[in-house]
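Just so you know, these numbers come straight off a predicted model, no measurement behind them.
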Amino acid sequence: MVGPTRPQFVLFGSSIVEQSFGNQGWGAILADVYARKADIFVRGYGGWNSRQAVQVLDQVFPKDDAVQPSLVIVYFGGNDSVRPSSDGPSSHVPLSEYVENMRKIYIHLKNLSTETRIIFLTAPPVNEAQLLKFSGNDKRKNELCQKYADACVELCQAVGIKSVNLCNAFKQHKNWMETCFTDGVHLTPVGSKIVAKEILKVLKEADWKPSLYWEALPLEFA
């Protein structure tokens with residue numbers, strides 16, 4: 001670890017996280033905003049669902065580490081909400097199990113440190129026509145994305161943590177279907193800007209002490 005030690009922000013999730021530093025991604029936007037103020041760590045695993053995430057919590061977030069994250073931003077749900085397949089493997093996780101898995105993730109992160117803050121990102125919507133054109137995939141449906149997103153937000157409200165409903169946030173953006181996705185699922189720079197903007201809004205409005213909003217953090221070697 002190079003010093004001085006800064007607050008650590010960890011992005012944990014599937015391909016939306018894994019690719020967050022490419023193509024003017026939302027992880028890169030956050031890293032730029034928090035330059036000389038916080039370090040952004042990416043723990044993204046393309047194709048993963050919440051069931052796989054639960055299995056590696058102790059490895060990704062060891063409870064006995066001397067330094068624990070100041071913030072963990074978690075994204076799972078897009079792969080969970082894929083319709084089950086009758087002709088081969090599927091990333092589908094039933095809604096009730098998805099919610100329970102996200103609860104397990106929350107409990108593990110909460111127990112890392114009293115100073116660790118948590119934000120859950122929900123599944124974003126998809127462009128079904130674009131997805132079908134690029135990959136022939138008709139298993140992702142906006143109706144299911146919304147259902148899983150709403151369930152994630154409901155869980156966050158119940159346990160008292162912050163959330164970003166990406167389904168709602170994207171749908172408020174003009175021409176979101178045409179501008180937000182590269183292949184119907186993964187994000188363009190426009191889509192990533194929406195994600196980063198919503199995260200920064202949560203960080204600004206949160207009554208956390210100390211605040212993790214970029215303007216509130218000291219500039220290293222100022």
Between Arg6 and Glu220, is a side-chain contact (heavy atoms from CB on, under 4.5 Å) present by the stated rule, with each step listed?
CA-CA 8 Å; Arg6 303 171 180 172; Glu220 190 171 282; 2.9 Å; yes
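- Test His92, Arg51, Arg140 against Asn79 for side-chain hydrogen bond (donor to acceptor under 3.5 Å, both in side chains) and you get one pass: Arg140.
- Within the 4.5 Å cutoff, the side chain of Phe170 has heavy atoms near those of the Val195 side chain.
- Looking only at side-chain heavy atoms (C-beta outward), Val190 and His173 come within less than 4.5 Å of each other.
- Other residues, nucleotides and ligands place more than 12 heavy atoms under 6.0 Å from the NZ atom of Lys141.
- One distance of note links CG of Asp80 with OG of Ser91; it measures 7.0 Å at 0.5 Å rounding.
- More than 12 heavy atoms of other residues, nucleotides or ligands lie within 6.0 Å of NZ in Lys37, so this atom counts as buried by the packing criterion.
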Would Ile199 and Ile73 count as a side-chain contact (heavy atoms from CB on, under 4.5 Å) if you check the C-alpha gap in whole Å, the side-chain angles of each, and the deciding distance to 0.1 Å?
CA-CA 9 Å; Ile199 291 171; Ile73 300 175; 3.8 Å; yes
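- When ring centroids are compared, Phe12 and Phe61 come within the 6.0 Å threshold.
- Within the model, atoms CG of Leu166 and CD of Gln146 stand 11.0 Å from one another, a figure rounded to the nearest 0.5 Å.
- There is a path of hydrophobic side-chain contacts, each under 4.5 Å, that joins Leu121 to Leu71.
- More than 12 heavy-atom neighbours from other residues, nucleotides or ligands sit within 6.0 angstrom of NZ on Lys139.
- Within 6.0 Å of the CD atom in Glu215, the count of heavy atoms belonging to other residues, nucleotides or ligands exceeds 12.
- Enclosure of atom CD in Gln130 by more than 12 non-hydrogen atoms of other residues, nucleotides or ligands within 6.0 angstrom is indicated.
- How far CG of Leu109 is from CG of Leu57: 6.5 Å, rounded to the nearest 0.5 Å.
- Centroid-to-centroid, the aromatic rings of Tyr34 and Phe9 come within less than 6.0 Å.
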